[in-house]
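To start, the structure itself, in structure tokens.
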Amino acid sequence: MDKNRCDAIIVGGSFAGLSAAMQLARANRAVCVIDTGTPRNRFAAASHGFFGQDGMAPAEMLATARAKVAAYPSVRFVDGAAVTAAAEETGFALTLADGRRLHSRRLVLAFGLADTLPDVPGVQDRWGKTVIHCPYCHGFEFLGQPLGVLSVMPLSTHQAQLIPEWGPTTFFLNGGAMPDSETLASLAQRRVIIEPAPVTALEGEAPRLDGVRLADGRLVPVSALYVAPRTSFQSDIAHQLGCAIEDGPFGPILTTDATKRTSVPGVFAAGDITRAMHNATLASADGVMAGASVHQSLVFPTATAA
């Protein structure tokens with residue numbers, strides 16, 4: 001059998017991609033997983049809330065999952081980046097950055113997102129540790145401590161209203177517009193402190209966070225700062241294939257149906273690129289659905305027509 005031809009190519013080997021690969025492997029289908037080794041949560045020391053693995057390091061979780069998927073003889077891993085993709089008569093052709101060319105009958109896009117952080121000194125050094133975006137993923141570790149929310153988008157206000165569940169919260173407007181009177185009343189009810197002044201830096205020996213420095217010289221003590229980053233696709237393959245893409249609250253979302261099919265026949269997608277709410281458990285569940293759907297599309301090919 002030609003090793004460069006398979007039933008399904010999965011672009012991305014993190015929670016979604018490996019979960020999809022497992023379903024196909026257990027159906028004894030030939031699968032190729034292409035992975036760059038840059039999962040979105042690589043900056044976090046621990047992943048929380050994942051069933052049975054709460055508190056484990058993401059890298060350890062992925063290494064274990066990859067080893068279990070690799071134990072199936074029909075699975076092949078390719079380390080590298082897929083740079084081009086196109087439909088062909090029997091499926092799809094992908095070209096890697098090193099020039100290798102792979103072919104498959106089906107395609108699963110699970111390449112994940114990249115985060116664009118605000119240009120504030122100290123944010124990048126603490127990202128995933130004391131500068132965080134999801135209270136369900138990391139909030140318990142800062143329970144009862146002084147917390148901050150940095151205003152970077154309209155949804156930051158919602159975040160500021162939510163975070164007091166975990167501790168006393170300061171909403172840093174960073175020189176932006178003051179919320180409307182209704183929102184201010186809601187924030188006041190939640191006992192959120194408003195700081196209008198621009199933020200100049202985060203201070204403390206990174207990754208520890210001691211406080212937020214303001215332009216007027218004050219240091220507001222916080223132990224963790226919540227930021228809702230803008231997101232972008234880690235690959236432009238979906239655009240190349242002509243998949244439907246919608247605008248989400250944080251960035252683009254690859255449109256899929258309930259079975260994780262995209263608008264392009266034979267192309268499926270899973271994980272953070274397909275939803276507004278980002279979470280490792282949801283990404284894995286998406287991958288399970290995508291893998292099962294791909295398998296059934298191979299068994300019942302007439303059902304793949306858009």
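Heavy-atom basis, side chains included; hydrogens, waters and symmetry copies ignored.
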inquiry  = What I'd like to find out is whether the side chain of L214 reaches to under 4.5 Å of the side chain of V199, using heavy atoms alone.
reply    = yes

Residues S156, F171; criterion side chain to side chain contact (heavy atoms under 4.5 Å, CB included); working and verdict = CA-CA 9 Å; S156 297; F171 189 23; 4.2 Å; yes

message = Using a 3.5 Å distance criterion without hydrogens, assess whether the side chain of T64 forms a donor-acceptor pair with backbone atoms of E60.
response = yes

inquiry  = Let me check something: do V123 and V222 share a hydrophobic cluster, defined by ILVMFWY side-chain heavy atoms less than 4.5 Å apart, either directly or through other members?
reply    = yes

task = Give a yes or no answer on whether the side chain of R126 reaches the backbone of G204 with a donor-acceptor pair at less than 3.5 Å.
result = yes

task = Report the distance from atom CG of L18 to atom CG of D35, rounding to the nearest 0.5 Å.
result = 7.0 Å

query = To the nearest 0.5 Å, how far apart are OG1 in T36 and CD in Q234?
reply = 5.5 Å

Interatomic spacing from CZ in R76 to SG in C6 - rounded to 0.5 Å = 8.0 Å

query = What is the ring orientation for Y136 with W166, classed by angle as parallel under 30°, tilted 30 to 60°, or perpendicular over 60°?
reply = perpendicular

note = Taking every heavy atom of V75 against every heavy atom of A25, the minimum-distance pair comes out as CG2-CB, 3.5 Å

ask   = Are V267 and V288 in one and the same hydrophobic cluster, where Ile, Leu, Val, Met, Phe, Trp and Tyr link if side-chain heavy atoms are under 4.5 Å apart?
value = no

ask   = Are I273 and V11 co-members of a hydrophobic cluster defined by side-chain heavy atoms under 4.5 Å apart?
value = yes

inquiry  = Could you check whether atom CD of E88 has more than 12 heavy atoms from other residues, nucleotides or ligands sitting under 6.0 Å from it?
reply    = yes

query = I194 and M178: side chain to side chain contact (heavy atoms under 4.5 Å, CB included), yes or no, with the steps?
reply = CA-CA 9 Å; I194 305 291; M178 186 70 69; 3.9 Å; yes

Main-chain N/O of P39 paired to R42 side chain as donor or acceptor, under 3.5 Å = yes

ask   = Using the ring of each side chain (for Trp, its six-membered ring), is F250 parallel, tilted or perpendicular to H278, with breaks at 30° and 60°?
value = tilted

inquiry  = Donor-acceptor check, side chain of T262 to backbone of A269, threshold 3.5 angstrom: yes or no?
reply    = no

key: Any I34 side-chain heavy atom under 4.5 Å of L102 side chain   = yes

task = State, yes or no, whether a side-chain contact exists between T169 and Y226 at a heavy-atom distance under 4.5 Å.
result = no

query = At what distance, to the nearest 0.5 angstrom, does CD1 of I10 lie from SG of C32?
reply = 9.0 Å

request  = Would you sort out whether F140 and H48 count as a side chain to side chain contact (heavy atoms under 4.5 Å, CB included), showing the intermediate values?
outcome  = CA-CA 9 Å; F140 187 84; H48 294 283; over 6 Å; no

query = Is it the case that more than 12 heavy atoms not belonging to D180 sit under 6.0 Å from its CG atom?
reply = yes

ask   = Is the side chain of N279 donor-acceptor paired with the backbone N or O of L282 at a distance under 3.5 Å, no angle test?
value = yes

query = Can you say whether the rings of F15 and F50 are parallel (under 30°), tilted (30 to 60°) or perpendicular (over 60°)?
reply = tilted

key: Residue D216 excluded, over 12 heavy atoms near CG under 6.0 Å   = yes

query = Does CE belonging to M289 count more than 12 external heavy atoms closer than 6.0 Å?
reply = no

note = Rounding to 0.5 Å, atoms NE2 (H138) and NZ (K129) come to a distance of 10.0 Å

request  = Compute whether any side-chain donor of one residue and acceptor of the other, for E195 and T170, lie under 3.5 angstrom apart.
outcome  = no

note = Between P118 and V227, the two heavy atoms sitting closest are CD-CG1, 3.6 Å

Side chains of L219 and E203 in contact at under 4.5 Å (non-hydrogen atoms) = yes

inquiry  = Using every non-hydrogen atom in the two residues, find where Q240 and T84 come nearest and quote the distance to one decimal.
reply    = OE1-CA, 3.1 Å

message = Quick check on side chain to side chain contact (heavy atoms under 4.5 Å, CB included): which of V31, D7, V33 does L24 satisfy it with?
response = V31

inquiry  = If you count every heavy atom of other residues, nucleotides or ligands that lies below 6.0 Å from E246 atom CD, does the total exceed 12?
reply    = yes

ask   = Where is the tightest heavy-atom contact between L150 and L225, given as atom of each residue plus distance?
value = N-CD1, 3.9 Å

Side chain to side chain contact (heavy atoms under 4.5 Å, CB included) between N4 and R101, intermediate numbers included = CA-CA 7 Å; N4 293 326; R101 194 169 173 84; over 6 Å; no

key: For A160 against V192, the heavy-atom pair lying closest together   = O-CG2, 3.4 Å

note = For M153 and R230 the tightest heavy-atom approach is CB-NH2, 3.5 Å

ask   = Would you call L117 and P229 a side-chain contact if the rule is heavy atoms closer than 4.5 Å?
value = yes

ask   = Are L96 and F233 linked, directly or through other ILVMFWY residues, by side chains that come within less than 4.5 angstrom of each other?
value = yes

key: Contact check, side chains of C137 and I132, non-hydrogen atoms, under 4.5 Å   = no

query = Under 3.5 Å, is there a donor-acceptor pair linking the side chains of R106 and S297?
reply = yes

inquiry  = Is there a path of hydrophobic side-chain contacts, each under 4.5 Å between heavy atoms of I/L/V/M/F/W/Y residues, joining F268 to I253?
reply    = no

remark   = Value for CD1 (I9) from CG (L94), rounded to nearest 0.5 Å, stands at 4.5 Å

query = Does R208 reach the side chain of T130, with side-chain heavy atoms less than 4.5 Å apart?
reply = no

key: Heavy-atom side-chain contact between Q23 and H295 under 4.5 Å   = no

